[in-house]
K.L.:
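What follows is a structure written as structure tokens; I'll ask about it next.
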Amino acid sequence: MKLNEIDQHKSTEEIAKNLLGCLVVKETEAGKVSGWIVETEAYLGVEDEAAHTFNGRKTPRVAAMYETAGTVYIYSMHTHHMLNIVTQPEGIPHAVLIRAIEPFEGEDLMLMNRQKQGVELTNGPGKMTKAMGINMSDNGTNIEEKPLYINDSLKKIPQVIEASPRIGIPNKGIWTEEPLRYTVVGNPYVSRKRGKVSVDNGWKTVLK
DNA sequence: CTTCAGATCACCT
DNA sequence: GGTGATCTGAAGA
């Protein structure tokens, strides 16, 4: 499948916004799980102090970041995994972190993986990867191919997209405050959410 | 409701 | 040996 959202001519910030509303799908032996992306963050390669590739750092762990657009980069930390998608041509280590999803298919499988209910199922980067069964075996694979892929033919459109500072980035100069985090306003699965939930979970009504 | 410490480990220095 | 792109449960306001 060809992904319109990952166009190498677009900026990483633009792609981060376009990915909101896309469906992430993981197919495992146990079954299929999927959910709509409701929260992303942009990481801007060598100049971004908050990125793992700041100042051109290139170690085995971050190697996938330097691959072509659409490559999956998994970062593990504190026994949690985080899902990233490379956004630029080979050699330019920009990526978008998928921070939260709204469950669609396979919610029963997510419940088994997480032992949590409601928004706690997928409202954070480590939570959604655990719920969907995403792990290091997905590192370096392509987001346009199974078993982990994005389906943009069922895309939802956010009513309002909000930009805010990224989470967990202290003491990184201007990069701590830079609004590179994008959320679907009013969606209950957005992490660290305050305020109330919108009708339709913040999605525009489908008019087809 | 909000804040905070501890878990726990791969990877870097 | 030190450090996190986090999560959780417990304690405080």
Side-chain angles (χ1 to χ4, degrees), chain A residues 6 11-13 15-17 19-20 24 35 37-67 69 71-88 92-103 110-141 143 148 162-184 188-197:
Chain A
I6 302 178
S11 70
T12 300
E13 296 96 312
I15 294 169
K17 278 185 274 193
L19 282 173
L20 293 174
V24 202
I37 299 171
V38 299
E39 176 175 0
T40 59
E41 283 181 6
Y43 285 87
L44 308 181
V46 299
E47 62 178 56
D48 183 351
E49 288 184 51
H52 296 146
T53 49
F54 173 61
N55 208 16
R57 197 156 67 99
K58 188 172 184 181
T59 62
R61 179 173 68 158
V62 301
M65 289 279 289
Y66 290 83
E67 296 300 317
T71 301
V72 172
Y73 166 53
I74 307 287
Y75 174 59
S76 72
M77 155 196 184
H78 286 76
T79 68
H80 302 292
H81 297 292
M82 281 156 264
L83 171 61
N84 298 257
I85 299 169
V86 179
T87 57
Q88 301 294 325
I92 304 178
H94 285 212
V96 172
L97 168 67
I98 310 300
R99 287 189 54 89
I101 62 163
E102 176 185 334
M110 297 190 201
L111 284 168
M112 291 179 62
N113 290 336
R114 281 274 300 151
Q115 312 283 322
K116 293 277 180 183
Q117 294 184 24
V119 299
E120 288 296 316
L121 205 51
T122 55
N123 68 341
K127 299 177 187 179
M128 59 89 57
T129 53
K130 184 172 185 191
M132 295 188 73
I134 293 168
N135 54 52
M136 265 309 185
S137 70
D138 295 302
N139 191 45
T141 63
I143 200 63
L148 175 62
E162 182 175 75
S164 55
R166 292 173 292 184
I167 305 293
I169 314 289
N171 312 316
K172 290 289 192 291
I174 64 166
W175 300 102
T176 293
E177 291 302 323
E178 202 75 0
L180 295 173
R181 172 182 182 234
Y182 305 98
T183 56
V184 177
Y189 291 91
V190 171
S191 70
R192 304 199 185 186
K193 180 168 178 5
R194 305 186 188 194
K196 78 179 183 185
V197 172

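Throughout, a chain's letter reflects where its sequence line sits, starting with A, and its residues are numbered from 1.
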K.L.:
Please name the residue in the list A:Thr141, A:Ile98, A:Asn139 that meets the side chain to side chain contact (heavy atoms under 4.5 Å, CB included) test with A:Val72.
P.N.:
A:Thr141
K.L.:
Looking at A:Met112, is its backbone amide N or carbonyl O close enough to the side chain of A:Gln115 to form a donor-acceptor pair, meaning the two atoms are under 3.5 Å apart?
P.N.:
yes
K.L.:
What is the distance from NZ of A:Lys196 to C1' of B:dC1, rounded to the nearest Å?
P.N.:
18 Å
K.L.:
Could you state the atom-to-atom distance from CH2 of A:Trp175 to C1' of C:dA5 in whole Å?
P.N.:
15 Å
K.L.:
Ignoring hydrogens and geometry, is there a side-chain-to-backbone donor-acceptor pair from A:Glu39 to A:Ser191 under 3.5 Å?
P.N.:
yes
K.L.:
What's the CD-C1' distance between A:Glu177 and C:dA5, to the nearest Å?
P.N.:
16 Å
K.L.:
Collect all protein-nucleotide pairs involving nucleotides 6-13 of chain B in which both atoms are nitrogen or oxygen and the distance is under 3.5 Å.
P.N.:
{"unit_1": "B:dA7", "atom_1": "N6", "unit_2": "A:His78", "atom_2": "NE2", "d": "3.3"}
{"unit_1": "B:dC12", "atom_1": "OP1", "unit_2": "A:Thr59", "atom_2": "OG1", "d": "2.3"}

K.L.:
Closer than 3.5 angstrom, by distance alone: can the side chain of A:Asn123 be matched with the main-chain N or O of A:Tyr189 as a donor-acceptor pair?
P.N.:
no
K.L.:
What residue among A:Thr183, A:Leu20, A:Ile85, A:Leu97 forms side chain to side chain contact (heavy atoms under 4.5 Å, CB included) with A:Thr40?
P.N.:
A:Leu20
K.L.:
Give me the distances for all protein-to-nucleotides 9-13 of chain C N/O pairs that come in under 3.5 Å?
P.N.:
{"unit_1": "C:dG9", "atom_1": "OP2", "unit_2": "A:Lys116", "atom_2": "NZ", "d": "3.4"}

K.L.:
For A:Leu111 and A:Leu121, run side-chain contact (heavy atoms from CB on, under 4.5 Å): C-alpha distance rounded to whole Å, both residues' side-chain angles, the deciding distance at 0.1 Å, then the answer.
P.N.:
CA-CA 7 Å; A:Leu111 284 168; A:Leu121 205 51; 4.1 Å; yes
K.L.:
Looking at A:Glu178 and A:Arg166, is any side-chain nitrogen of the basic one under 4.0 Å from a carboxylate oxygen of the acidic one?
P.N.:
no
K.L.:
Does B:dT2 have OP1 or OP2 sitting under 4.0 Å from an N or O in the side chain of A:Arg194?
P.N.:
yes
K.L.:
Check DNA chain C for consecutive Watson-Crick or G-U pairs with both distances under 3.5 Å and list the runs of at least three as stems.
P.N.:
B:1-7 with C:6-12, B:9-12 with C:1-4
K.L.:
Quick one: A:Asn123 CG to C:dT6 P, roughly how many Å, whole number?
P.N.:
13 Å
K.L.:
Does the side chain of A:Arg114 get closer than 4.0 angstrom to OP1 or OP2 of C:dT8 through an N or O atom?
P.N.:
yes
K.L.:
Charged N to carboxylate O under 4.0 angstrom, A:Glu49 versus A:Lys172?
P.N.:
no
K.L.:
Provide, to the nearest angstrom, the distance between the CZ atom belonging to A:Phe54 and the C1' atom belonging to C:dT3.
P.N.:
16 Å
K.L.:
Using every non-hydrogen atom in the two residues, find where A:Ala51 and A:Gly45 come nearest and quote the distance to one decimal.
P.N.:
CB-O, 3.7 Å
K.L.:
Please report, rounded to the nearest Å, how far the C1' atom of C:dG4 is from the CG atom of A:Asn171.
P.N.:
13 Å
K.L.:
Does the side-chain hydrogen bond (donor to acceptor under 3.5 Å, both in side chains) test come out yes or no for A:Glu102 and A:Thr122, once each step is laid out?
P.N.:
CA-CA 7 Å; A:Glu102 176 185 334; A:Thr122 55; over 6 Å; no
K.L.:
A:Tyr75 side chain N/O closer than 4.0 Å to the phosphate oxygens (OP1, OP2) of C:dA5?
P.N.:
yes
K.L.:
Once you apply a heavy-atom cut-off of 4.0 Å, does A:Arg166 come out as touching a base, just sugar-phosphate, or nothing?
P.N.:
nothing
K.L.:
Rounded to whole Å, please give me the gap between CD in A:Glu49 and C1' in C:dA5.
P.N.:
14 Å
K.L.:
Would you kindly compare A:Lys127 and A:Ile169 by the position of their nearest DNA chain C nucleotide and give the one closer to the 5′ end?
P.N.:
A:Ile169
K.L.:
Calculate the interatomic distance between A:Tyr182 atom OH and C:dA5 atom C1'; express it in whole Å.
P.N.:
16 Å
K.L.:
Looking at A:Tyr43 versus A:His94, is the centre-to-centre ring distance below 6.0 Å?
P.N.:
no
K.L.:
Look at the side chain of A:Glu41 and the backbone N and O of A:Ile167, then say whether any donor-acceptor pair between them is shorter than 3.5 Å.
P.N.:
yes
